[in-house]
There are 2 protein chains.
Amino acid sequence: MVTIKDVAREANVSVATVSRVLNGSGPVSAETQRRIREIAGRLRYVPHGGARSLITSRTEILGVLLPDLYGEFFSEVIRGLDETAQRHGFHLIISRSHASKHGIETAMRAMRGRVDGVVAMSPDLDEESLTNVPSTLPLVLLCSVSRGDALDSLTIDNCRGARAMVKHLISLGHQRVAIIKGAPRNYDAAERLRGYRLGLKDAGIKPERALELEGGFTEAGGYAAALQLLGLAERPTAIFAANDSMAIGALSALRESGVQVPGQMAVAGFDDIPLARYMDPPLSTVRVSICDLGARAVEMLLNGITSKNEHRRKREQVATEVVIRSSCGAQSVERPPPSTTNSDLH
Amino acid sequence: MVTIKDVAREANVSVATVSRVLNGSGPVSAETQRRIREIAGRLRYVPHGGARSLITSRTEILGVLLPDLYGEFFSEVIRGLDETAQRHGFHLIISRSHASKHGIETAMRAMRGRVDGVVAMSPDLDEESLTNVPSTLPLVLLCSVSRGDALDSLTIDNCRGARAMVKHLISLGHQRVAIIKGAPRNYDAAERLRGYRLGLKDAGIKPERALELEGGFTEAGGYAAALQLLGLAERPTAIFAANDSMAIGALSALRESGVQVPGQMAVAGFDDIPLARYMDPPLSTVRVSICDLGARAVEMLLNGITSKNEHRRKREQVATEVVIRSSCGAQSVERPPPSTTNSDLH
DNA sequence: TTGTATGCGTTATCAT
DNA sequence: ATGATAACGCATACAA
């Protein structure tokens with residue numbers, strides 16, 4: 001492996017001079033400069049990142065801690081993170097926290113000396129490790145919330161989104177709106193439930209526990225919950241699922257039960273995953289720009305890294321948008337056009 | 001930041017002893033050992049990865065270079081990579097190659113001194129950077145192929161998969177089977193085309209250029225190609241799309257043109273993305289386990305890292321599987337059950 | 001069983 | 001404008 005010494009020897013200069021040329025620090029004669037660049041290029045010299053960061057104490061790498069999640073969300077958030085990171089000259093090191101008990105703390109230990117900061121997602125509400133993360137490393141919490149406000153955090157505006165969707169359903173004439181809730185101790189789930197209840201309250205409708213079922217954020221959970229709702233003495237006329245997967249499960253259950261959507265039952269979801277617009281009928285949902293979420297998280301983190309000490313902790317949220325398709329019974333504004341960006345493998 | 005020196009001072013021993021205890025190298029008295037562990041724990045000491053790798057010349061990090069791709073493939077391959085990497089005590093540093101001209105080479109430079117090896121995906125066929133990658137770093141090519149066989153590579157068994165699907169279509173009685181091809185210079189696209197032609201040849205059918213249209217791997221491309229096929233004087237009775245996105249686009253075109261699927265036109269795709277089973281009718285396709293792809297890539301790389309010199313370059317392929325649903329006109333074997341693993345956001 | 005000293009590849013400081 | 005050298009945090013060969 002060719003080091004700075006090799007370049008220096010070949011050019012008959014000291015390593016200091018080579019370093020100066022390659023980093024543009026300090027004055028070097030034009031001729032020497034030219035010679036060194038030429039040699040470095042010819043030798044294919046590349047500075048050793050580890051060694052460099054040892055002395056600069058900057059790695060230009062950002063750590064990303066994600067829970068063990070599947071699908072579109074995962075890739076979109078990474079896309080957003082990576083794009084912004086690269087624009088600032090940073091790379092991403094990714095680690096799934098892989099359901100280990102210790103959670104974030106262990107993972108953050110493993111990252112020490114390897115990264116300049118961490119974006120961590122830990123949506124489990126009573127994850128205690130969030131309370132005592134050593135703030136030695138700049139950290140941004142994603143879709144999670146810590147007790148106290150010692151940490152930067154970026155979340156989806158779940159509450160407002162859910163509230164808006166419920167309002168929309170009610171404006172369509174629905175008085176009995178059920179919710180299929182997300183995983184019990186999940187932050188996003190809790191917030192969406194809160195938004196749902198506020199939405200009802202706004203319209204003077206009293207929430208009923210019987211209309212609040214749990215679906216665990218999975219398709220199967222949504223399916224089961226929908227079935228249960230159909231069995232109710234007083235059926236709801238609309239179902240708001242706390243994510244699209246559950247809404248899709250509900251759609252299956254309704255179809256198999258011969259219940260017309262939206263005719264006999266309106267359905268809405270949350271997230272706007274790509275599948276949503278392909279459902280039959282196309283699913284009304286609350287869109288959140290996952291990509292933006294990632295981008296803004298990196299921006300917050302970079303901010304925390306550069307300001308370091310005099311940094312004021314912030315809490316931010318990314319906005320959501322109600323997307324009306326046919327499943328809720330309103331006029332469908334959107335019809336599925338062949339997407340030009342969606343290609344799966346390539 | 002607490003270093004090994006801090007621990008040593010606190011424990012009244014030399015840094016060497018601390019190092020020995022923490023790495024289990026060399027003999028240390030039980031008592032000292034206990035004391036050091038206790039102190040290291042209390043001080044929350046964590047070895048500095050960069051410094052350590054400087055001397056051990058191992059980072060325990062694997063680099064991953066991916067093209068700018070969307071969706072499910074991206075997340076699945078990362079999942080496979082990460083799972084296997086973590087099982088071997090490695091982390092992943094991910095970089096999307098972001099359409100820069102220089103391609104792999106630049107990215108690999110940036111990784112020097114940061115990783116022990118690289119998994120790179122560069123499906124563009126005439127990417128010249130693939131010919132002269134400096135083999136200073138263990139490298140596994142994913143879904144790509146290099147001139148010569150100097151490099152390890154892992155690809156999807158595109159050809160066999162396409163061939164099997166075409167055979168299936170023909171067994172259903174189709175004599176005129178069209179293909180919607182993928183991006184012109186894409187490796188997977190080229191192989192799937194080859195498999196298609198072989199499949200025809202197996203049945204003694206002569207390939208017709210008029211039945212080989214290009215869809216660029218996008219949904220819109222599939223849509224346009226299907227329309228064009230419908231305009232043909234001698235229409236095909238079956239369409240094999242080189243990926244699911246294009247098949248889905250074709251499905252839209254057929255529906256809008258009032259062509260019954262599979263009655264008047266059979267359709268099949270490739271990849272088995274999650275959307276596939278939700279189509280109307282559910283899409284027959286060729287399944288490939290992306291997750292496995294990632295897992296095996298890491299295994300190959302780790303292999304190359306440990307064997308280093310006496311390492312023989314290998315080319316491997318991951319198998320595919322024909323998945324019969326309704327869109328091709330055979331009896332549908334599979335019906336969409338509510339998936340228990342598919343949850344989008346959480 | 002433990003300590004001392006060297007070096008990993010780089011940047012930064014201080015000379016010259 | 002350039003060179004010598006210390007320092008970054010750690011592991012390890014060698015000495016004790």
Side-chain angles (χ1 to χ4, degrees), chain A residues 1-40 43-61 89 91 109-116 136-137, chain B residues 1-37 39-40 43-61 89 109-116 136-137:
Chain A
M1 188 186 52
V2 36
T3 76
I4 197 173
K5 280 184 192 167
D6 299 316
V7 178
R9 190 176 332 109
E10 186 82 5
N12 281 319
V13 293
S14 73
V15 292
T17 304
V18 177
S19 177
R20 272 190 283 260
V21 171
L22 267 30
N23 294 308
S25 60
V28 179
S29 82
E31 158 58 15
T32 326
Q33 204 155 138
R34 198 202 50 72
R35 199 171 74 247
I36 289 180
R37 284 193 198 287
E38 187 271 321
I39 292 176
L43 262 42
R44 292 173 171 278
Y45 166 70
V46 173
H48 187 288
R52 167 184 261 160
S53 68
L54 191 51
I55 187 153
T56 60
S57 66
R58 299 192 77 238
T59 63
E60 305 197 311
I61 295 184
H91 282 261
R109 287 170 59 102
M111 294 236 171
R112 221 217 60 166
R114 301 197 181 296
V115 302
D116 295 335
T136 166
L137 210 54
Chain B
M1 188 186 50
V2 35
T3 77
I4 197 173
K5 279 184 192 166
D6 300 317
V7 179
R9 188 175 333 109
E10 185 83 5
N12 281 320
V13 294
S14 72
V15 292
T17 304
V18 177
S19 176
R20 274 190 282 260
V21 170
L22 267 31
N23 295 310
S25 61
V28 178
S29 82
E31 159 56 15
T32 325
Q33 204 155 137
R34 196 201 52 72
R35 199 171 72 249
I36 289 180
R37 285 195 198 288
I39 291 176
L43 261 43
R44 293 172 170 281
Y45 167 69
V46 172
H48 187 286
R52 165 185 259 156
S53 68
L54 191 52
I55 187 159
T56 60
S57 66
R58 298 190 78 238
T59 63
E60 305 198 309
I61 296 185
R109 287 171 59 100
M111 295 233 172
R112 217 216 63 165
R114 301 198 179 297
V115 302
D116 295 335
T136 165
L137 210 52

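Chain letters run A, B, ... following the sequence lines, proteins first and then strands; every chain starts at 1.
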N-O pairing of B:Glu31 and B:Arg34 below 4.0 Å: yes

Which part of the nucleic acid, if any, lies within contact of A:Asn12, taking any heavy atom under 4.0 Å across all strands shown: a base, the sugar-phosphate backbone alone, or nothing? sugar-phosphate

Note: A:Gly26 and A:Arg20 closest approach over all heavy atoms is CA-CD, 3.9 Å

Residue pair B:Tyr45 / B:Val2: nearest heavy atoms and the distance that separates them: CD1-O, 3.4 Å

Nearest atoms (heavy-atom pairs only) where A:Ser25 meets A:Ser19: OG-O, 4.4 Å

For the helix from C:dT1-D:dA16 to C:dT16-D:dA1, how many degrees between its two end axes (five pairs per end), to the nearest 10°? 40°

What closest approach, in Å, do A:Ile4 and A:Val18 show between heavy atoms, and which atom pair accounts for it? CG1-CG1, 3.6 Å

Are the side chains of B:Thr3 and B:Asp6 in contact, using a 4.5 Å heavy-atom criterion? yes

Atom-to-atom span, CG of B:Asp6 to P of D:dC8 - whole angstrom: 11 Å

Any base atoms under 4.0 Å from A:Thr32, or only sugar-phosphate, or nothing? Heavy atoms, all strands. sugar-phosphate

From the list A:Thr32, A:Val13, A:Ile36, side-chain contact (heavy atoms from CB on, under 4.5 Å) partner of A:Val21 resolves to A:Ile36

Under 4.0 Å protein heavy-atom contact, by nucleotide of nucleotides 9-16 of chain D - B base, S sugar-phosphate only: BBBB----

Note: B:Leu54 and A:Ala51 closest approach over all heavy atoms is CD1-CB, 3.6 Å

A:Arg35 CZ to D:dA1 C1', in whole Å, measures 12 Å

